[in-house]
Amino acid sequence: MHHHAPLQILQEVFGYGAFRGAQADIVDHMVSGGDALVLMPTGGGKSLCYQVPAISRHRQGRGVAVVVSPLIALMHDQVGALEEAGVHAAFLNSTLSSEQAAHVEREMMSGRLVMLYAAPERITNPRFLAQLDSLNERGLLSLFAIDEAHCVSQWGHDFRSEYLSLSLLHERYPDVPRIALTATADDLTRADIIERLKLEDSRVFISSFDRPNIRYAIVEKDKPREQLLRFIRDEHEDEAGVVYCQSRKKVEETAAWLEAEGMKALPYHAGLDAAVRQRHQDRFLREDGIVMVATIAFGMGIDKPDVRFVAHLDLPKNIESYYQETGRAGRDGAPANAWMAYGLADVVNQRRMIDESPAEEEFKQGQRGKLDALLALAEATDCRRVRLLSYFGEASSACGNCDNCLSPPATWDGTEAARKLLSCIYRFHQNGGQRFGAGHLIDVLRGKVTDKVTQYGHQSLSTWGVGASLPEQQWRAVLRQLIALGHVVSEGEYHTLALADSARAVLKGEVQLLLRVPSVTRGKATRGAPGKSSGSKAAPIDLDFEAQQRFEALKTWRAEVAKEHGLPAYVIFQNVTLAEMARLHPQSLDELAGISGVGAKKLEAYGREILRVLESEAQG
Ligand code: ADP
Ligand code: ZN
C-alpha cells in the first residue's frame, strides 16, 4: 500500500482497523479532489472524513488543509490530539500571542503544516487571504473543511454571520476541494447550506441519524430534582454528564443542590464570567465524573467522547434541539442515557414563549408546529426512536432501547375525562366569563372545597365533583395532553385556561384520546422488583477484577501524561482503548500495536511506558 493510501493512514496514524459507515467513500472522494457535504450524527466520526484526506494529500505534496471551526475554545485540544498522533497541526485565533501566530504562519507558508484550524472571521482577513493566495499559487492548499456547517443557516439555532462569507472560498479557489460537515440539518437547513456555501456541485453524503447506543427516556415530573438525583445515583454514579435547564437561576440552584448531595457538579451559562466558564469547561473535559449543569449555551462541539448521560430538567424548544443536545452523550459508542423530565408547566411555558416572542406570525406558526412534534414525542406510548428518526425522514422499527420499548406504558381511554375537563372550562366561562388556572380547575373537578370555590360559588356548577374518582396527578396529565394537543390554551400572567376551537370535536365525543397512565400512579400499582425499572446501568466496560486493577493503573498513568501535556485525558488515549489494553494485557509492543486506538506515534511515545505499567501492576 502507498504511504498516502487512506486505509494505511487510518491504521498507522489513528490506530483504527477500518473505516466506519460512509467514511471510506467520503475520504476517497476528497482525496481525489471532489467537494462534499456530509450529514452525520454526533459521534459518527466526521473528523476523520477531512483529517485522513488532509494527511493523504499532504503526503502527496499538496500542502496545507484549512479547517474552519467556530469553536475557538476547542481548537487547542483538537490540535493537541493531532500532534499526539504525530500529525503536524496548528491553529490561528485571537488567543495566540503575535510571536506564536508568526510561528504558525511560517509553518503554514512553508507547506510543512498538515492542518490549520481557523475561526471563520479569519477567512475575511485580508492578510490571511493574501497568504492563502500565495499557498494556492504554489499548489499548497490541499483542501478546505467547514465544520459545523449549519452555522451558515438562519434556520438553524447556531447562526453565525461570519459563516456567510465562506462562499468566497469557492469563488477565490475554485480548484481546491471543500468538505462541509454538520450533525444537524433538516431539509431547509440542508438546502441553505448548499446554496450559501455554493456546494451545488458537491456530492451529498447522508448517514443514518440513529444513535443506537443512546437510550431515550422521558418521565413525568414529580419532584424533578429528586428524580434527577435518583437517575444519576442509580445509573451514573461518578460518571460524566450534562444536565440542561432553561434559566440561569435554575442552573445555579440545581448545581448547588447536586453539589450539596455530594456530586461534582458545576454550573455553566452565558451570565457567568468568561474565565469561570472556561475553567468549568476545562474541568469537565479534563476531570473524570463531572456533572455539568448548563443552559444551552454549553455544548456545541464538545467532543468529549465519554459523556454518559444528558438530562433535561426543562423541555427543549423542538426535536432538533432535543436531538442535538442528547446527541452529546455516548460519542464513543458505549451505552449512554438521554433522560428528560417534563410536566404541565413545561408545555405552558414553551407555548407562551412562542406566543410572546416578537417574531412574525408565520414564524411563530412554524415554531408551534415544531413544539407540537416534540410534545407528541413526550406523550408517545410507542417507540421514541421510531418517532425521532421519522421526524428526520428515516423509517425504522421499534428499537428495544427506549423506555417505551423496554417497559411499554399502560394506556387508558381518557376521552370521557377530557370531555369533563373541557366542559368545566366552558362552565366557568358561562358563569361570569371568568378564567381560571389548572389548580382551581382540578379542585372543582375533584369536588374540593376551597376559599376560591366558595368565593365563586363553583359548588353549584354541573361539573362540580364529577371527577372525584381520578387522582390529581392524572387530571394534570389529562390537562397537559389537552394543552399539548392544542385543545386548551393557557394564557396570560396567571396561566388561565381557555378552550380552542378544536375542543368542540372532543366535547362532542368525535375524538378519542388514548393517554399514558402517569408513571407515578403506574409505579405504585405495577412496579415489581426494585431497581429494574429503567434497565441496567450503562456499563461500557466490563472487566474482571485483575483487568479492572490494570485499567485503574493505566488511568492514573494517563492522568499524569495528560497533565504534563496540558491536554484532556481522552486525547492521550480514550477509555475504550485503555480498557482493551487492560483486558488483553499485551506482553510486547507488537501486541500493543494491534489494539484499536494505538497508532504508530503513540506506540513509539508511550508503548514501553504502558508495558511497564501493566507489568508492575501484575507483580504488585
Ligand atoms: P463527530 O465529529 O462526528 O461527532 P468524531 O469525529 O468526534 O465524531 O468521532 C467520534 C468518535 O468515534 C471518536 O472517539 C473517534 O475517535 C471514533 N471513531 C471515528 N471513526 C472511527 C473508526 N473508523 N474506527 C474507530 N473509531 C472511530
Ligand atoms: Zn424504542
Side-chain angles (χ1 to χ4, degrees), residues 6-7 9-11 13-27 38-52 67 69 71 74 77-78 81-82 84-85 145-150 179-185 205 207-218 285 299-307 323-324 326-334 336 338 377 380-390 396-409 535 540 568-578 580 595-599 602:
L7 187 60
I9 291 170
L10 181 75
Q11 293 170 344
V13 177
F14 298 95
Y16 295 142
F19 284 111
R20 265 190 205 157
Q23 277 177 341
D25 287 345
I26 299 167
V27 167
V38 172
L39 306 160
M40 209 183 253
T42 308
K46 283 186 285 302
S47 324
L48 290 180
C49 295
Y50 56 84
Q51 290 172 346
V52 173
V67 182
S69 160
L71 307 161
L74 296 176
D77 293 351
Q78 285 166 332
L82 285 166
E84 284 289 324
I146 301 168
D147 208 1
E148 312 285 351
H150 60 279
I179 176 170
L181 313 100
T182 176
T184 30
F205 295 86
S207 301
S208 166
F209 268 63
D210 189 17
R211 301 286 312 280
N213 60 315
I214 297 184
R215 174 175 297 178
Y216 299 96
I218 302 177
L285 295 178
M300 188 173 57
I302 291 294
D303 52 5
K304 184 175 168 62
D306 56 354
V307 175
Y323 208 62
Q324 197 189 36
T326 55
R328 290 170 187 146
R331 294 170 81 113
D332 54 8
L377 172 75
T381 54
D382 52 1
C383 177
R384 310 266 191 206
R385 191 181 313 271
V386 167
R387 288 191 175 241
L388 282 168
L389 292 176
S390 94
S396 63
S397 52
C399 74
N401 191 27
C402 72
D403 54 352
N404 286 351
C405 281
L406 290 164
S407 87
Y570 63 81
V571 163
I572 310 299
F573 285 110
Q574 295 191 14
N575 280 350
V576 275
T577 303
L578 290 194
E580 269 309 271
I595 290 172
S596 178
V598 184
K602 287 186 184 176

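Just follow the structure's listing: the first ligand is 1, and inside any ligand the first atom is 1.
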**Item:** Neighbouring residues of ligand 1, heavy-atom cut-off under 4.0 Å
**Value:** Y16, A18, F19, R20, Q23, P41, T42, G43, G44, G45, K46, S47, L48, R331, Q574
**Atoms of the protein (N/O/S only) found under 2.8 Å from the Zn ion (ligand 2)** = C383 SG, C399 SG, C402 SG, C405 SG
**Donor-acceptor contact present, side-chain R384 to main-chain L377, <3.5 Å** = yes
**Request:** For D147, check side-chain hydrogen bond (donor to acceptor under 3.5 Å, both in side chains) against everything at least two apart and list the hits.
**Result:** none
**Under the side-chain hydrogen bond (donor to acceptor under 3.5 Å, both in side chains) test, residues paired with Q574 that sit two or more places apart** = none
**Asked** Going from CG on D25 to CZ on F205, what distance comes out if it is rounded to the nearest 0.5 angstrom?
**Response** 6.0 Å
**Message:** Main chain of P41, side chain of K46: is a donor-acceptor contact present, judged purely on distance under 3.5 Å?
**Reply:** yes
**Message:** Treating R385 as the side-chain partner and R211 as the backbone partner, does any N or O pair qualify as donor plus acceptor under 3.5 Å?
**Reply:** yes
**Request:** Report the C-alpha distance between M40 and C49 in whole Å, list the side-chain angles of each, state the deciding distance to 0.1 Å, and finish with yes or no for side chain to side chain contact (heavy atoms under 4.5 Å, CB included).
**Result:** CA-CA 11 Å; M40 209 183 253; C49 295; 4.0 Å; yes
**Request:** Verify side chain to side chain contact (heavy atoms under 4.5 Å, CB included) between Y323 and L389, making sure each step is shown before the conclusion.
**Result:** CA-CA 10 Å; Y323 208 62; L389 292 176; 4.1 Å; yes
**Message:** Applying side chain to side chain contact (heavy atoms under 4.5 Å, CB included) to I9 and Q51, what does each step give before you reach the verdict?
**Reply:** CA-CA 10 Å; I9 291 170; Q51 290 172 346; over 6 Å; no
